[in-house]
Amino acid sequence: MANIILLGPPGAGKGTQARKLVDERGMVQLSTGDMLREAKTSGTEMGKKVAEVMDRGELVTDEIVIGLIEEKLSSGQGNGFIFDGFPRTLPQADALGRLLAKIGQKLDAVIEMRVDDEVLVHRISGRFTCGKCGEVYHDATKPTKVAGTCDVCGSTDLRRRADDNEESLRTRLMEYYKKTSPLIGYYYHAGDLFGVDGLAEIDDVAASVAAILDQQV
Ligand code: AP5
């Protein structure tokens, strides 16, 4: 069992790899992006505020996301947690350490997915996901086998994200470099940091991630 963070800019492939680990290793994916998108549809005042911030590509407050993670950590942990898109700031990283210690757990690896910025625009602009099971696709690199139908669950509810446009992506990238990239140094100093080539084919990235995980268990 291992608890890991997938760290990388928007479009690095965090969600894609997290889903593979869930399927292949029975780990539990904790994606703050997915949790916040769920909150967006709740119709509450908080949901409306979250929607505005996310659609602009800015970060939601630490308080909200730490609260979401704390709630999820108390539910089952399967074969370890995959933190996907969390932590994104130094206060979130500190909070994660404290929350894991509280449940008698620790972090085993932080996997930095390294991808060039030019590739991210292509990945984000071609992305769509299944609204029912969450499978992630791409117009060019990972299309569905049957047009308009999810390969995994057969749903025809395929969606594009409101923040997957060039303007939001520019803000998301700036937020990443300003607030999230300092975590690379933070976890390097803690001795938890591993890097993978996020530009490789999806299965090759998965093999690199698997090799790191196998060293930890
Ligand atoms: P979030 O949902 O976390 O989005 P993100 O970090 O911007 O990351 P993405 O989901 O866009 O990319 P990904 O790395 O998962 O890539 P994917 O696998 O989909 O956050 C959204 C927003 O929520 C934030 O902007 C913020 O407002 C808020 N938020 C979330 N967490 C927060 C936090 N902790 N604090 C504050 N605010 C928070 O892949 C992308 C595409 O590329 C897909 O089409 C895929 O098929 C394709 N692809 C993947 N890997 C490969 C590959 N190796 N080769 C070719 N194509 C590939």
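Read the numbers this way: they start at 1 and go in the same order the structure lists the ligands and their atoms. Just the heavy atoms: all of them, side chains too, but no hydrogens, waters or symmetry mates, feed the values below.
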Next item on the list: Can you pull out the closest protein heavy atom to atom 8 (O) of ligand 1? Residue, atom name and distance to 0.1 Å, please.
Entry: K14 NZ, 3.2 Å
Notebook entry, point to check: Quick check: are there more than 12 heavy atoms from other residues, nucleotides or ligands sitting under 6.0 Å from NZ of K49?
Noted result: no
Next item on the list: Below 4.0 angstrom from a heavy atom of R37, which ligand 1 atoms are there? Numbered from 1 as shown, please.
Entry: 2 (O), 21 (C)
Item checked: A200, A18, S31, G13: member with heavy atom nearest to atom 53 (N) of ligand 1 -> A200
Notebook entry, point to check: With distance as the sole test, does N165 use its side chain to make a donor-acceptor pair with the main-chain N or O of S168 at under 3.5 Å?
Noted result: yes
Next item on the list: Look only at interatomic distance and state if D163 has a nitrogen or oxygen under 3.5 Å from any nitrogen or oxygen of ligand 1.
Entry: no
Margin query: Heavy atoms only: which of S125, A206, G11, G85 lies closest to atom 40 (C) of ligand 1?
Written below: G11
Item checked: G198 neighbourhood, listing ligand 1 atoms whose heavy-atom distance to it stays under 4.0 Å -> 53 (N)
Check: Going by the atom numbers of ligand 1, which of them fall below 4.0 Å from some non-hydrogen atom of G15?
Finding: 13 (P), 15 (O), 18 (O)
Note to self: Looking only at protein heavy atoms, which one is nearest to atom 25 (O) of ligand 1, and what is the separation?
What the structure shows: R172 CG, 3.7 Å
Notebook entry, point to check: Are a donor atom and an acceptor atom from the side chains of D94 and Y186 found within less than 3.5 Å of each other?
Noted result: yes
Check: Within the side chain of H138, is there an N or O that forms a donor-acceptor pair under 3.5 Å with the backbone of I124?
Finding: no
Notebook entry, point to check: So, does T32 use its side chain to make a donor-acceptor pair with the main chain of G85 at under 3.5 Å?
Noted result: yes
Checklist line | Y187 (side chain) donor-acceptor with A109 (main chain) under 3.5 angstrom | finding: no
Checklist line | K179/D62 under salt bridge (charged side-chain N to carboxylate O under 4.0 Å, His left out): CA gap, chis, key distance, verdict | finding: CA-CA 11 Å; K179 298 175 183 164; D62 289 338; over 6 Å; no
Check: Is a side-chain donor-acceptor pair under 3.5 Å present for Y177 with D117?
Finding: yes
Checklist line | Residue, atom name and distance, where the atom is the protein heavy atom closest to atom 23 (O) of ligand 1 | finding: M54 CE, 3.2 Å
Next item on the list: Measure the distances from the heavy atoms of G126 to every atom of ligand 1 and state whether one is below 4.0 angstrom.
Entry: no
Check: atom 56 (N) of ligand 1: which protein heavy atom is closest, and how many Å away?
Finding: T141 OG1, 3.4 Å
Checklist line | Distance from atom 19 (O) of ligand 1 to nearest protein heavy atom, with residue and atom | finding: R127 NH1, 2.6 Å
Next item on the list: Decide whether an N or O pair under 3.5 Å exists between F128 and ligand 1.
Entry: no
Next item on the list: Give the intermediate values and the outcome of salt bridge (charged side-chain N to carboxylate O under 4.0 Å, His left out) for residues E58 and R172.
Entry: CA-CA 6 Å; E58 293 166 9; R172 282 156 68 193; over 6 Å; no
Next item on the list: Give a yes/no on ligand 1: does R161 have at least one heavy atom closer than 4.0 angstrom to it?
Entry: yes
Note to self: Below the 3.5 angstrom mark, is there an N/O of Q92, backbone or side chain, next to an N/O of ligand 1?
What the structure shows: yes
Margin query: Tell me which one of R19, K145, K20 satisfies salt bridge (Lys or Arg N to Asp or Glu O under 4.0 Å) with E135.
Written below: R19
Note to self: What protein heavy atom lies closest to atom 45 (C) of ligand 1? Include the residue and the distance to one decimal.
What the structure shows: T16 OG1, 3.7 Å
Next item on the list: Under 4.0 Å from a heavy atom of E58: give me the atoms of ligand 1 that qualify, with their elements.
Entry: 26 (C), 27 (O)
Next item on the list: Before signing off on this row, confirm whether D164 and ligand 1 have an N or O atom pair separated by under 3.5 Å.
Entry: no
Check: Would you say L199 has any N or O atom under 3.5 Å from an N or O of ligand 1, going by distance alone?
Finding: no
Notebook entry, point to check: Counting heavy atoms only, which of I124, D55, T32 comes nearest to atom 31 (N) of ligand 1?
Noted result: T32
Checklist line | Under 3.5 Å donor-acceptor, K48 side chain and K40 backbone | finding: no
Item checked: Per-atom contacts of ligand 1 with Y137, taking only distances under 4.0 Å to non-hydrogen atoms -> 43 (C), 44 (O), 46 (O)
Next item on the list: Going by heavy-atom distance to atom 24 (C) of ligand 1, choose the closest among E201, R123, E175, R88.
Entry: R88
